[in-house]
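Only one structure is covered here, and it is reproduced in the block below.
Both ligands and their constituent atoms are indexed starting at 1 by order of listing. Atom set for the values below is all heavy atoms of this structure, side chains included, hydrogens, waters and symmetry mates excluded.
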Amino acid sequence: MYEHIIKKVQNQVELLFENESTGHDFHHINRVRKLALHIARIEGGNLEKIEFAALLHDISDYKFNGGDETLGGKETFEILRTHNLPDHYCIEIKTIVDSVSFKGANVSDKSTSLEAKIVQDADRLDALGAIGIARTFAYGGSSGNPIYDPKISPVLHDTFDAYKNGQTHTINHFYEKLLLLKDKLHTETAKQIAEHRHTIMENYLSEFYKEWNVEL
Ligand code: ADP
Ligand code: NI
């Protein structure tokens with residue numbers, strides 16, 4: 001129904017994320033879109049809402065706007081309104097975008113609709129596996145975090161504030177988020193895809209420690 005508007009939003013997002021270097025580039029967004037549509041074709045959900053939300057899920061993310069977690073949803077709403085989509089439709093997509101982000105190991109998710117669960121699962125799948133590892137080191141470097149410091153142990157955060165403000169190194173991010181994700185997924189389809197990606201990260205970490213300790 002809204003195919004032509006999806007295409008326009010895609011072009012807008014492509015421009016906005018053109019030179020992104022923290023792993024939140026347009027290629028990430030496009031993979032999330034493809035993964036979400038794949039999941040939805042098996043699990044159900046409205047494909048166009050999922051596509052809009054996937055395209056807009058990282059707009060004005062708190063990680064890049066000084067920490068305001070409400071801006072992404074607001075900007076999503078504004079962008080969709082400029083395309084004359086009905087208010088209730090824009091609000092639905094905004095609600096999905098508001099609920100996608102990971103808030104800490106012990107903070108529960110607020111994704112409620114099937115569409116929100118699917119976009120969140122797709123975003124989380126792209127945080128796993130070989131691509132997930134690459135994105136994590138790109139993000140860690142861009143935030144000025146060291147690769148690893150064995151003196152600093154991972155923390156399973158109880159609040160979003162503690163999670164977003166915690167001083168850490170990139171290896172900790174695997175324990176604070178990435179290795180926990182497979183058990184936080186909502187759909188069976190995503191859980192199956194996650195298994196292999198999870199193993200890739202576990203194998204990677206054991207190789208990492210071997211090389212770190214110069215075990216030859
Ligand atoms: P979310 O919406 O859950 O925050 P994103 O799609 O915005 O997910 O991307 C989050 C990705 O950014 C993580 O999976 C990881 O690759 C990277 N990232 C976020 N925080 C950190 C961190 N402290 N250290 C390393 N990578 C991080
Ligand atoms: Ni994302």
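Linking ILVMFWY side-chain heavy atoms closer than 4.5 Å, directly or via other members, places V119 and L55 in two distinct hydrophobic clusters. Both I133 and L205 are members of a single hydrophobic cluster when ILVMFWY side chains are connected at heavy-atom separations under 4.5 Å. No continuous path of hydrophobic side-chain contacts links V9 to F77 [ILVMFWY only; heavy atoms under 4.5 Å].
Near ligand 1, H24, H28, D58, K63, S101, F102, D123, A127, R135, T136, Y139, G140, H173, K177, L178 each place a heavy atom less than 4.0 angstrom from the ligand.
Nearest heavy atoms, Q120 versus H186: OE1-NE2, 2.7 Å. Across L128 and A194, no two heavy atoms sit closer than the pair CD1-CB, 3.8 Å.
With sequence neighbours left out, the ring-ring contact (aromatic ring centres under 6.0 Å, His included) criterion links H169 to Y148. In this view, D161 satisfies the side-chain hydrogen bond (donor to acceptor under 3.5 Å, both in side chains) rule with no residue, not counting sequence neighbours.
Of the residues listed (V13, I59, L85, I93), the one engaging I79 in a side chain to side chain contact (heavy atoms under 4.5 Å, CB included) is I59, and it is the only one.
For the Ni ion (ligand 2), the set of protein N/O/S atoms nearer than 2.8 Å consists of H28 NE2, H57 NE2, D58 OD2, D123 OD1, ordered by chain and number.
Ion pairing of D121 with K117 is absent here, as no side-chain N (NZ or NE/NH1/NH2) approaches a carboxylate O to less than 4.0 Å.
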